[in-house]
Amino acid sequence: MSIVVLISGRGSNMQALLEAGLPVSAVISNRADAKGLAIAAAHGVVTRVVDHRGFPSRDTFDAALAQEIDRFAPRLVALAGFMRVLTPAFVARYAGRLLNIHPSLLPALPGLETHARALAAGLETHGCTVHFVTEKLDHGPIVIQAEVPVRKGDTPETLAARVLRQEHVIYPRAIRWFLDDKLVIRDGKVRVKGNDAQVLTCSD
Ligand code: GRF
């Protein structure tokens with residue numbers, strides 16, 4: 001039933017998973033200086049570092065990462081601010097059990113700097129998405145989204161903070177659904193058994 005969480009930095013989403021009581025058996029970072037490693041350790045969770053800089057290619061890094069992940073035989077691999085593009089072989093290995101959280105309402109704004117881009121585009125609504133990972137970056141069947149309003153005077157930072165609060169709500173929820181076998185993927189779309197809401201609208 002366990003989860004391996006992959007991080008590269010702050011680790012606030014990982015922390016939300018731990019605080020939700022989800023069964024995280026290990027946290028792996030590609031950076032030794034990722035702040036989230038200390039948070040995981042403080043929760044008594046095993047941490048590992050697989051530094052991408054020690055490998056000559058994406059393929060060799062991903063193979064080493066997979067080897068480390070598989071030691072924990074997880075049911076689910078959760079990307080939580082893991083800042084590496086994954087190879088098709090890695091994605092295929094964990095097909096159907098690899099989730100990511102992305103700070104936009106996909107398919108809008110894949111990639112980086114989503115909050116600045118949302119403001120530049122004059123969007124009135126922004127948010128975050130949990131999705132299954134497929135080969136194409138920030139695509140893949142969507143499990144749950146939370147919408148937040150863009151407020152007058154927002155900066156990328158204020159908007160990011162509003163979105164992040166919702167990330168911490170939807171990621172644990174999505175993972176709980178996965179572990180409870182409530183997610184059904186059909187024709188590239190995810191349905192939740194029991195019809196729990198897959199779009200949250202938040203007005204704070
Ligand atoms: C989050 O905004 C997440 O959506 C994105 O990277 C950020 C990671 O933040 N993929 P944290 O490390 O979870 O605090």
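This chain uses plain numbering: 1 for the first residue, then up along the sequence. Atoms within a ligand are numbered from 1 in the order they appear, just like the ligands themselves.
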Report task. Give me the ring orientation class for His52 and Phe61: parallel if the planes are under 30° apart, tilted from 30 to 60°, perpendicular past 60°. Result ->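 Perpendicular.
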Side-chain touch Phe90/Ile69, heavy atoms, less than 4.5 angstrom:
yes
Counting only heavy atoms not in Arg31 (residues, nucleotides, ligands), do more than 12 fall under 6.0 Å from its CZ? no
With a 6.0 Å cut-off (strictly less than), is the heavy-atom count around CD of Glu19, excluding the residue itself, greater than 12?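 Enclosed: over 12 neighbouring heavy atoms sit under 6.0 Å from CD of Glu19.
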One should read off an interatomic distance between Leu79 CG and His102 NE2, to the nearest 0.5 angstrom, of 12.5 Å
Return a table of N or O atom pairs, ligand 1 on one side and protein on the other, at distances under 3.5 Å, rounded to 0.1 Å.
unit_1, atom_1, unit_2, atom_2, d
ligand 1, 2 (O), Glu167, OE1, 3.2
ligand 1, 2 (O), Glu167, OE2, 3.0
ligand 1, 4 (O), Ile101, O, 3.4
ligand 1, 4 (O), Glu167, OE1, 2.7
ligand 1, 4 (O), Glu167, OE2, 3.4
ligand 1, 9 (O), Arg10, NH2, 3.1
ligand 1, 10 (N), Ile101, O, 3.0
ligand 1, 12 (O), Gly11, N, 2.8
ligand 1, 13 (O), Ser12, N, 3.4
ligand 1, 13 (O), Asn13, N, 2.9
ligand 1, 13 (O), Asn13, ND2, 2.9
ligand 1, 14 (O), Arg10, NE, 2.5
ligand 1, 14 (O), Arg10, NH2, 3.2
ligand 1, 14 (O), Ser12, N, 2.8
ligand 1, 14 (O), Ser12, OG, 2.5

Of all heavy-atom pairs linking Leu22 and Pro172, the shortest is CD1-CA, 3.8 Å
